[in-house]
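In what follows, a structure is listed as structure tokens, so that the remarks can point back to it.
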There are 2 protein chains.
Amino acid sequence: MRTSDKHTKIIEAAITVFARKGFFSARISDIAKEAQVADGTIYLYFNNKYDILISLFEEEIGKIILEVKLLLEKETDPRKMLHIFALHHMQLMEEKKELAEVLQMELRQSNKFMKEYRNTKFIEYVDVVSAIIHKGQEEGVFRKSLLPGVFKRAFFGALDETSRLWVLSPDHSYTIDEAARQISDIFISGIMTDS
Amino acid sequence: MRTSDKHTKIIEAAITVFARKGFFSARISDIAKEAQVADGTIYLYFNNKYDILISLFEEEIGKIILEVKLLLEKETDPRKMLHIFALHHMQLMEEKKELAEVLQMELRQSNKFMKEYRNTKFIEYVDVVSAIIHKGQEEGVFRKSLLPGVFKRAFFGALDETSRLWVLSPDHSYTIDEAARQISDIFISGIMTDS
DNA sequence: GAAAAATGAATGAATACACATTCATAAGTC
DNA sequence: GACTTATGAATGTGTATTCATTCATTTTTC
């Protein structure tokens, strides 16, 4: 048993501090204070500052993938599956705003300062979308001309940017659920008036 | 006249260095070396490291807005306008990979470490999209139920994420123009098989 | 079961180093 | 030779990381 689970406590503190200040501006002493732990204690659980960030990515994205795959198991209609993915992603970003900020900001530029680190977990997550598209094409529900590699990025990008700004901005003229619905509708049916 | 335009030389060097290392890992001495200028010279043209980044944002996004607005002037069909925006954005990211990386990575988290800085130029850019949607709704071409505030973010996010990964990854099974076409098609017509 | 010994988790002050910024000096320009 | 522009070594600050020490808990001994 991890004694009183300091590992988790530090990860959670790091999420809060990285969200507030960004990885580089965050000080180890900030994280230590937030976790109610001495600076040195952090080095009993992590090798260095980067290691905290990587552990955070792996563990948290791992959880997200498990969750969404579980939800998708119950559904077979590719259209509904896309909506489930959208809704789950957006709700998650809303529920865990701090985690959302860290993933959206730091994850993307992590390859800049950590040369060796390949974020396979993140790729695995986005590939859930391309699997849905592939299934839809097999079943003749989605156009065969769609490039799943383009679609997964476009769909993920749309969700991520929308939730990112929703979390940032204070005025909410629409709910997260509405936004998720709009986005999956746009992607599934387009935006033209029915004719 | 800015003497031999060192200002521009430094901005261009900064784009290269920030793209390679990210803002925080980039050293002033790296930028100076890239610009073939002494470290101290940079402080004759900019107040500090942050100031280089802000100037870079303002000047480069300013140029992009002018360009795309000029292109859009010639077109009145909102569907075609969306495609023009998409294509221009993607082509730009391809032509100026380094600038693309800096804008995509650093712009988004700039509000973290520069508390006071509000990026109005960026908002202005994305609002070009919501203006197109609004026009399309007025003309009855786009559904009235669309929320322009959601759409602009989703559309921009889709373009940005797709071009981001296209620039990053070495294998290109599709061209930038194909990707732009796919994305505007998806948004305009959806992904369902024609029935 | 009380006292002694061993353990290792936790601490936080001290260290070491990287790097943004300054400024005395030099080079260029008219 | 006065003024502008450029240089790059020196300075100072901030903070990641280390490590000698503390102390609560567990194990051993009688």
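Chain naming here is simple, since letters A, B, ... match the order of the sequence lines and numbering starts at 1 in each.
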When the distance from CG of A:Leu44 to C1' of C:dT7 is rounded to whole Å, what number comes out?
14 Å
Nearest-Å distance for atom pair NE2/P, residues A:His7 and C:dA9
15 Å
Within this structure, what is the CD1-to-C1' distance between B:Ile42 and C:dC23, rounded to whole angstrom?
16 Å
How many whole angstroms separate atom CZ of B:Phe46 from atom P of D:dT5?
15 Å
Going through the distances and angles, do A:His7 and A:Glu59 end up as a side-chain hydrogen bond (donor to acceptor under 3.5 Å, both in side chains)?
CA-CA 11 Å; A:His7 176 98; A:Glu59 292 171 27; 2.9 Å; yes
Listing, residues 123-131 of chain B side-chain donor-acceptor contacts under 3.5 Å, not counting sequence neighbours, or none:
from     : atom 1 : to       : atom 2 : distance (Å)
B:Tyr125 : OH     : B:His89  : ND1    : 2.8
B:Asp127 : OD1    : B:Ser130 : OG     : 3.4
B:Asp127 : OD1    : B:Lys152 : NZ     : 2.7
B:Ser130 : OG     : B:Asp127 : O      : 3.1

Is the ring pair A:Phe156/A:Phe122 parallel, tilted or perpendicular, if the boundaries are 30 and 60 degrees?
perpendicular
Output all residues satisfying side chain to side chain donor-acceptor pair (under 3.5 Å) with B:Glu101, sequence neighbours left out; order by chain, then residue number.
A:Lys112
Considering residues at least two apart in sequence or located in another chain, which fulfil the side chain to side chain donor-acceptor pair (under 3.5 Å) criterion with A:Glu139?
A:Lys135
Per-nucleotide protein contact along nucleotides 14-24 of chain D, 5' to 3', at a 4.0 Å heavy-atom cut-off (B base, S sugar-phosphate only, - neither), is -SSBB------
Could you give the NZ-to-C1' distance, from B:Lys33 to D:dT7, as a whole number of Å?
16 Å
Can you tell me the distance, in whole Å, between the OH atom of B:Tyr45 and the P atom of C:dT21?
18 Å
N/O-N/O pairs, protein side and nucleotides 25-30 of chain C side, under 3.5 Å:
none

With A:Lys97 via salt bridge (charged side-chain N to carboxylate O under 4.0 Å, His left out) - residues at least two apart
none
Take the protein atom NZ of A:Lys9 and the nucleotide atom P of C:dA10, then report the distance between them rounded to whole Å.
10 Å
List in chain and number order the residues that pass side chain to side chain donor-acceptor pair (under 3.5 Å) with A:Asp30, two or more places apart in sequence or in another chain; answer none if no residue qualifies.
A:Lys21, A:Arg27
Mind listing the side-chain donor-acceptor pairs of residues 61-70 of chain A below 3.5 Å, one per line with the distance, residues two or more places apart or on another chain?
from    : atom 1 : to      : atom 2 : distance (Å)
A:Lys63 : NZ     : A:Glu60 : OE1    : 3.4
A:Lys63 : NZ     : A:Glu60 : OE2    : 3.3
A:Glu67 : OE1    : A:His88 : NE2    : 2.8

Ignoring backbone atoms, test whether A:Lys6 places a side-chain nitrogen or oxygen under 4.0 Å from the OP1 or OP2 oxygen of C:dA9.
no
Going by side chain to side chain contact (heavy atoms under 4.5 Å, CB included), name the residues that satisfy it together with A:Ala179, two or more places apart in sequence or in a different chain.
A:Met90, A:Thr162, A:Tyr174, B:Val150
